[in-house]
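Structure record follows, encoded as structure tokens.
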8 protein chains.
Amino acid sequence: MTKSTKWNIYLSGEIHTDWREQIEASVNEAGLPVSFSAPVTHHEASDDCGVAILGAESDKFWHDHKGAQINAIRTRTLIGNADIVVVRFGEKYKQWNAAFDAGYAAALGKPLIIIHQDEHAHALKEVDAAALAVAKTPAQVADILRYVIEGRLDGYTDGSAS
Amino acid sequence: MTKSTKWNIYLSGEIHTDWREQIEASVNEAGLPVSFSAPVTHHEASDDCGVAILGAESDKFWHDHKGAQINAIRTRTLIGNADIVVVRFGEKYKQWNAAFDAGYAAALGKPLIIIHQDEHAHALKEVDAAALAVAKTPAQVADILRYVIEGRLDGYTDGSAS
Amino acid sequence: MTKSTKWNIYLSGEIHTDWREQIEASVNEAGLPVSFSAPVTHHEASDDCGVAILGAESDKFWHDHKGAQINAIRTRTLIGNADIVVVRFGEKYKQWNAAFDAGYAAALGKPLIIIHQDEHAHALKEVDAAALAVAKTPAQVADILRYVIEGRLDGYTDGSAS
Amino acid sequence: MTKSTKWNIYLSGEIHTDWREQIEASVNEAGLPVSFSAPVTHHEASDDCGVAILGAESDKFWHDHKGAQINAIRTRTLIGNADIVVVRFGEKYKQWNAAFDAGYAAALGKPLIIIHQDEHAHALKEVDAAALAVAKTPAQVADILRYVIEGRLDGYTDGSAS
Amino acid sequence: MTKSTKWNIYLSGEIHTDWREQIEASVNEAGLPVSFSAPVTHHEASDDCGVAILGAESDKFWHDHKGAQINAIRTRTLIGNADIVVVRFGEKYKQWNAAFDAGYAAALGKPLIIIHQDEHAHALKEVDAAALAVAKTPAQVADILRYVIEGRLDGYTDGSAS
Amino acid sequence: MTKSTKWNIYLSGEIHTDWREQIEASVNEAGLPVSFSAPVTHHEASDDCGVAILGAESDKFWHDHKGAQINAIRTRTLIGNADIVVVRFGEKYKQWNAAFDAGYAAALGKPLIIIHQDEHAHALKEVDAAALAVAKTPAQVADILRYVIEGRLDGYTDGSAS
Amino acid sequence: MTKSTKWNIYLSGEIHTDWREQIEASVNEAGLPVSFSAPVTHHEASDDCGVAILGAESDKFWHDHKGAQINAIRTRTLIGNADIVVVRFGEKYKQWNAAFDAGYAAALGKPLIIIHQDEHAHALKEVDAAALAVAKTPAQVADILRYVIEGRLDGYTDGSAS
Amino acid sequence: MTKSTKWNIYLSGEIHTDWREQIEASVNEAGLPVSFSAPVTHHEASDDCGVAILGAESDKFWHDHKGAQINAIRTRTLIGNADIVVVRFGEKYKQWNAAFDAGYAAALGKPLIIIHQDEHAHALKEVDAAALAVAKTPAQVADILRYVIEGRLDGYTDGSAS
């Protein structure tokens with residue numbers, strides 16, 4: 001039966017800006033019952049965790065493989081436990097892991113929110129087609145969470161003129 | 001293993017009368033371990049949430065689409081977490097979203113309670129055929145919850161003559 | 001492993017026009033490997049099948065119930081076996097069973113194609129939001145099937161100027 | 001019980017070289033009981049199918065969206081029916097749909113074979129970590145299929161010296 | 001995609017009358033695309049199969065256990081592959097295996113048709129409550145199958161007066 | 001991730017003796033982290049709940065049906081949430097609902113413990129064949145729970161001679 | 001709906017004796033509608049397939065890993081498609097892959113038949129506890145298949161004295 | 001929605017060394033939000049629990065069977081509730097139950113961590129191929145958990161030179 005009323009939000013994708021912190025700050029300010037999770041965002045740790053813990057590899061492919069598999073223990077578990085998955089595509093890099101996470105979450109039936117700038121809209125159209133919302137800013141994601149979880153919408157539910 | 005003993009009840013459908021409040025009041029008075037959830041019942045917010053948050057659309061279809069998809073983040077998550085889904089069909093409007101929710105819940109194997117007046121019985125026969133109870137009043141739903149969750153039935157379990 | 005390459009298409013909803021025949025004719029003409037299924041479209045048989053087979057009921061509610069449950073044996077099985085579910089909303093009646101089928105198919109993860117006229121767009125926005133295509137005519141559905149199944153698109157794959 | 005002994009292989013990803021034809025030619029030459037499927041590989045048809053069938057959109061985002069959703073009817077159905085999913089990453093473009101397909105297939109538990117050149121190994125490490133084989137050429141994929149489906153391996157099962 | 005259009009019907013329960021043959025005869029006469037399956041109905045073989053094949057047991061409990069588990073290989077597989085499960089309760093014996101099969105099929109979401117006489121209605125009410133049809137005769141089951149599979153209903157779809 | 005460490009035990013079947021109370025008393029004395037649930041065991045309330053809440057029926061079949069469906073809201077939800085399902089078959093009555101619950105739980109993959117006397121062993125062999133333990137007394141069930149949940153076994157883990 | 005009436009039998013485990021051929025010969029002689037599958041039983045091919053196809057590895061661990069993952073494409077697909085999984089434990093080696101397959105099949109709900117000699121009974125008790133039959137010889141497995149699939153049991157269904 | 005942020009870790013396999021205690025000590029020292037579970041590790045209790053509770057068996061096979069099935073109530077429930085499954089293979093014995101658990105967990109999609117010494121690498125290659133990490137020591141497992149759950153990696157996230 002009832003689990004707690006907290007919503008699990010998984011924040012996937014781009015790790016070089018503070019978009020996660022922006023969403024979390026807005027959500028906490030709004031007092032929403034939300035628990036956030038994310039991949040390990042320390043780039044070097046994420047790359048090297050496999051060999052750092054389990055021993056060095058002479059072949060770069062297996063160096064990467066050991067790390068990526070340990071990261072998968074974290075990411076697949078957290079995505080599997082998420083109520084909503086948010087994926088941000090940044091301006092640089094291939095970001096195939098972000099698109100992989102989006103596909104993984106879609107197949108699990110998780111509601112998807114995608115964040116990207118207009119310039120990537122065409123390249124991301126298949127990903128967007130699987131999403132329930134396509135946003136451009138962290139603030140919009142925070143607004144969606146506030147509306148989805150508590151039904152609050154500025155200019156409407158606060159009694160201001162619509 | 002055990003999750004808490006609270007029951008999650010999702011209250012879908014008609015949003016222009018206070019039937020949700022009636023059920024909640026009766027259930028709270030009875031002290032049942034129940035947590036209620038529902039779609040956003042503020043009609044204008046529900047219609048406009050997409051464009052209000054993500055930006056205006058010149059085409060009404062996409063205006064509606066953006067809002068309906070954001071509402072789906074909420075409704076599908078809450079139905080997926082519900083132990084029991086209650087759907088009320090009112091006297092007016094097409095209410096296709098209510099029937100959609102009933103079908104969605106049925107396919108997930110959620111126990112369904114439908115509320116409607118006799119005049120709609122024939123039109124709702126396929127929906128009723130998927131339900132485990134068809135009620136006419138919020139009070140009946142509250143009685144069902146009291147019986148289902150705590151086994152209490154007036155005139156029986158209270159020791160009064162049957 | 002491989003099942004045959006036929007696609008199962010379930011055609012749900014409105015039963016008073018020949019939209020199913022139109023789609024089937026176009027699809028057959030195109031030679032697509034498709035097998036269609038649908039609810040029983042004989043209105044009176046659909047209403048009375050329960051009592052006709054299992055015995056009369058004095059109460060109209062149970063008359064309807066017995067029939068609706070027998071119809072459910074057919075419809076839920078066929079929707080469960082469908083690769084694509086098409087639901088048409090007509091101009092008249094409540095058509096709650098159509099919306100129920102759409103919700104049922106959505107929860108099973110079936111790709112949904114909805115057909116309706118513009119006038120119903122707002123009332124159907126939650127249903128449309130769960131669909132992968134919203135069409136207005138049977139011809140459009142046939143074109144979608146031709147494209148989806150065989151990748152043929154007039155003006156493109158036939159080498160005509162785009 | 002038993003379905004036929006044909007294996008369904010879905011070939012996702014890069015559409016500008018003839019890698020699919022190479023695999024199919026090798027597999028057919030080997031006489032394997034295999035049925036191949038793929039997304040629509042006609043680039044313009046894939047981009048425009050939505051508006052060509054369902055009507056023009058003034059906003060490029062919705063133009064893309066309608067097409068991508070129709071393509072999803074095909075791709076998700078075929079991936080869902082696949083026994084093995086092969087995804088090729090080419091040298092150019094973002095190819096987020098390829099990574100999305102890989103994530104989608106992984107979450108469904110489909111065995112994944114990834115094809116890419118060494119230069120992309122680091123960027124694809126999370127995708128590779130979900131795969132059961134990482135190949136560089138179509139010929140290697142054909143060899144894997146021959147081994148997996150019929151147990152034939154050159155230099156071993158043909159009796160030549162190992 | 002499409003599997004053949006044959007329907008699998010599993011006939012569970014009472015094994016001392018010819019009700020299965022009656023249904024099969026009617027269904028074959030009607031030319032329905034149906035494949036029937038059932039438990040092993042040779043009573044002694046069903047009781048002794050375990051020890052006959054795998055060796056005698058001195059303890060009657062394990063004698064029964066070995067047989068019941070081998071029977072389960074057959075029955076669970078066939079129920080799992082059934083489109084419709086029919087369970088007949090006869091006039092004698094405990095028939096707990098019939099009720100077990102009904103519960104098993106219900107949890108798998110299989111459409112259930114129950115056959116029993118009126119005298120058992122009260123004792124079977126929980127089982128009936130999970131069924132989509134409750135019949136009294138094999139002929140009624142055959143009529144349901146004819147209606148469900150081909151939409152034919154005497155007095156309606158044959159053009160006779162209703 | 002982790003839910004609490006409480007185990008949900010559903011106690012199905014016979015309602016005329018105090019076997020549930022015996023198990024609960026032993027388990028509470030042992031201090032196990034267990035939460036018990038069960039069907040409504042007030043016989044008359046269980047029979048009449050449908051008509052008492054939703055209105056009288058002139059036909060006894062529908063009287064029973066309405067009650068049995070409301071009871072199913074409770075029983076299917078609680079079985080679905082159970083970690084272990086215990087089913088006791090008593091000496092009297094058909095008890096088809098007990099066997100139905102056992103089949104239902106088996107299909108959901110729930111570990112089953114069956115309680116019955118030797119005289120019913122042959123008739124219950126198919127049910128026993130799906131169980132992980134077949135006990136004769138409530139005390140044995142309590143001992144199983146104590147062992148399964150905390151690893152305690154008299155004469156072994158308490159350091160007494162084995 | 002109905003798939004063909006062939007049963008898929010996966011034969012896992014020991015690869016150094018001709019037990020698979022014995023079962024197949026008996027089953028073919030009996031004319032059962034059965035399709036057999038198995039891992040690649042050419043020991044060296046199975047060990048080296050990864051490096052033979054995808055390139056040599058200097059580290060033995062990755063040599064093994066590449067091969068084992070390619071073998072997994074075959075074995076997991078075939079187990080997933082099996083109606084019955086038979087696992088034979090031989091007299092030598094650790095045979096952890098056999099036990100792994102048994103656990104894998106058990107979690108998928110596949111009916112399990114285990115073959116081993118008495119000397120391994122204690123070490124295999126957890127594996128046997130998940131099986132529906134524990135045999136000692138290939139002939140017994142063939143007899144089980146003949147009984148399960150066609151209901152034939154020597155001395156019973158052939159009319160000979162029991 | 002959100003369950004607590006504790007991670008359930010199931011520790012399967014070898015029971016004759018203190019590897020579980022080593023992992024738990026390291027994890028507790030690190031203050032991770034983790035809950036551990038395991039099979040009953042008292043060897044004699046595990047062997048005899050069936051007969052000790054449910055009555056003696058003259059046949060050793062059934063003695064073992066009753067115990068193994070009661071142990072399965074515990075182990076399958078705990079594996080089913082685990083976020084991560086760790087399986088240690090020791091130096092002695094067949095340890096088929098460890099490999100069975102690994103296969104069982106793999107089929108449920110649980111992230112697997114395997115612990116074994118190099119000498120068993122070849123024999124365990126199929127098991128390792130299903131794992132996301134292969135460790136040699138309990139300390140490595142503790143490090144993986146610390147990284148996976150909290151993103152901490154010595155020499156990286158603690159700010160020391162990398």
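All heavy atoms count here, side chains included; hydrogens, waters and symmetry mates do not.
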Exercise: do F:D18 and F:Q22 side chains pair donor with acceptor under 3.5 Å = yes
The interface call for F:K60 against chain E, heavy-atom contacts under 4.5 Å, is side chain
Turns out that what part of F:D64 lies under 4.5 Å from chain E's heavy atoms comes down to both
Value for CD1 (E:I15) from CH2 (E:W19), rounded to nearest 0.5 Å, stands at 11.0 Å
Next on the checklist: Treating E:R152 as the side-chain partner and E:A30 as the backbone partner, does any N or O pair qualify as donor plus acceptor under 3.5 Å?
Outcome noted: yes
Under 4.5 Å to a heavy atom of chain F? For E:D101 that would be neither
Checklist entry - Can you tell me if F:D128 and F:H116 form a side-chain donor-acceptor pair at under 3.5 Å? => result yes
The interface call for F:A130 against chain E, heavy-atom contacts under 4.5 Å, is both
Practice prompt. Could you tell me if the ring centre of E:H122 sits under 6.0 Å from that of F:F61?
Written response: no
Cut-off 4.5 Å, heavy atoms of chain E, and the answer for F:A106 is both
Is a side-chain donor-acceptor pair under 3.5 Å present for E:D48 with E:H63?
yes
Honestly, the part of F:Y93 sitting under 4.5 Å from a heavy atom of chain E is backbone
Okay, E:A72 and chain F: the region with an atom under 4.5 Å from a heavy atom over there is neither
